[in-house]
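Inspection log for the structure reproduced underneath, given as structure tokens.
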Amino acid sequence: MKVVKLQDVLGTEQEVDGGNWISRRLVLKKDGMGYSVHDTIIKAGTETHIWYQNHLESVYCIEGEGEVETIADGKVWPIKKDEIYVLDKNDEHLLRATTDMRMVCVFNPPITGREVHDENGVYPVDED
């Protein structure tokens, strides 16, 4: 059994500032669960291009509001508190925050913890 407190992650290498977002990585690949879990703040007024070519992601909004636009079809999905969106096809998308949004993100496969988006919005694959 493992218990992780958000307060113990704040200010450590598991708190990553990506510019438009701050991700507090709670469960990582090293934990051996087969997925990773992040508590992420998306900053109000930002737009972030994301394309997890190597990961599937589920995102549960616990605070704030914004929208997700899928690039392939231009469809816009409003997102607000108590809603989840699932990127089940490695969907390339734009994430826009109207207000600060607090999201719980689950990645499969798990990430190692220091990843940030590359120029295409992708997290690299960890080959280990």
Side-chain angles (χ1 to χ4, degrees):
M1 170 94 177
K2 182 175 185 172
V3 175
V4 179
K5 296 177 184 175
L6 178 61
Q7 66 188 19
D8 293 338
V9 171
L10 300 177
T12 73
E13 66 179 17
Q14 285 181 227
E15 183 178 38
V16 178
D17 188 337
N20 291 351
W21 49 266
I22 299 172
S23 179
R24 293 83 67 94
R25 279 100 190 250
L26 304 170
V27 177
L28 296 169
K29 181 178 181 177
K30 68 180 179 175
D31 297 309
M33 296 300 297
Y35 57 84
S36 58
V37 179
H38 315 186
D39 181 315
T40 302
I41 305 296
I42 309 298
K43 297 176 184 175
T46 62
E47 177 180 271
T48 306
H49 173 242
I50 306 171
W51 189 9
Y52 295 123
Q53 295 172 330
N54 306 309
H55 299 85
L56 297 176
E57 182 190 27
S58 294
V59 182
Y60 182 60
C61 180
I62 59 174
E63 291 178 14
E65 58 185 66
E67 64 184 22
V68 176
E69 179 180 348
T70 47
I71 301 295
D73 59 10
K75 186 164 183 173
V76 176
W77 307 83
I79 303 296
K80 62 183 185 290
K81 181 180 175 184
D82 299 331
E83 294 180 352
I84 190 169
Y85 65 92
V86 179
L87 300 162
D88 60 342
K89 295 181 176 55
N90 305 93
D91 308 91
E92 183 177 9
H93 61 287
L94 297 170
L95 176 58
R96 299 182 188 104
T98 306
T99 65
D100 280 352
M101 299 174 76
R102 186 171 177 202
M103 318 291 256
V104 176
C105 308
V106 178
F107 284 86
N108 180 13
I111 68 164
T112 62
R114 298 305 303 163
E115 291 88 345
V116 293
H117 304 119
D118 70 11
E119 67 278 358
N120 296 311
V122 177
Y123 280 165
V125 172
D126 179 34
E127 298 295 340
D128 291 339

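In this text the structure is predicted, and so the values were computed from the model without any measurement.
Note that OG1 of T40 is 11.0 Å distant from CE of M101, once rounded to the nearest 0.5 Å.
Partners of N108 under the side chain to side chain contact (heavy atoms under 4.5 Å, CB included) rule, at least two apart in sequence or in another chain, do not exist in this structure. For T12, the side chain to side chain contact (heavy atoms under 4.5 Å, CB included) partners are V9, Q14, not counting sequence neighbours. With sequence neighbours excluded, the residues forming a side chain to side chain contact (heavy atoms under 4.5 Å, CB included) with L10 are L6, E15, R24, listed by chain and number.
Under a hydrophobic clustering in which Ile, Leu, Val, Met, Phe, Trp and Tyr are joined whenever their side-chain heavy atoms come within less than 4.5 Å, directly or via other members, L26 and F107 fall into different clusters. Both V16 and L95 belong to a single network of hydrophobic side chains, linked directly or stepwise wherever heavy atoms of I, L, V, M, F, W or Y lie under 4.5 Å apart. Grouping the Ile, Leu, Val, Met, Phe, Trp and Tyr side chains by contacts below 4.5 angstrom, directly or via other members, places V27 apart from I22.
Judged by distance alone, with hydrogens and angles left aside, the side-chain atoms of N20 form a donor-acceptor pair with the main-chain N or O of E47 at under 3.5 Å. Side-chain atoms of D39 do not come within 3.5 Å of backbone N or O of V104 as any donor-acceptor pair. For the pair D100 (side chain) and A44 (backbone), a donor-acceptor distance under 3.5 Å is present.
Residues E67 and I79 form no side-chain contact, since every pair of their non-hydrogen atoms from C-beta on lies 4.5 Å or further apart.
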Indicate every side-chain donor-acceptor pair of residues 70-78 with a distance under 3.5 Å to a residue at least two apart or in another chain.
residue, atom, partner, partner atom, Å
T70, OG1, D73, OD1, 2.4
T70, OG1, K75, O, 3.4
D73, OD1, K75, N, 3.0

Would you tabulate the side-chain donor-acceptor contacts of residues 30-37 under 3.5 Å, counting partners in other chains and residues two or more places apart, or write 'none'?
residue, atom, partner, partner atom, Å
D31, OD1, K2, NZ, 2.4
D31, OD2, L28, N, 2.7
S36, OG, H38, NE2, 3.0
S36, OG, I111, N, 3.2

Would you list the atom pairs, donor with acceptor, under 3.5 Å between side chains in residues 81-89 and any protein atom, with sequence neighbours excluded?
residue, atom, partner, partner atom, Å
D82, OD1, Y60, OH, 3.4
E83, OE1, K80, N, 3.2
E83, OE2, K80, NZ, 2.9

Could you please spell out the steps behind the side chain to side chain contact (heavy atoms under 4.5 Å, CB included) verdict for K43 and D17? CA-CA 11 Å; K43 297 176 184 175; D17 188 337; 3.7 Å; yes
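Scanning both residues, W21 and I42, for their nearest heavy atoms gives CB-CD1, 3.8 Å. Between P109 and H55, the shortest heavy-atom distance links the atoms O-CD2, 2.9 Å.
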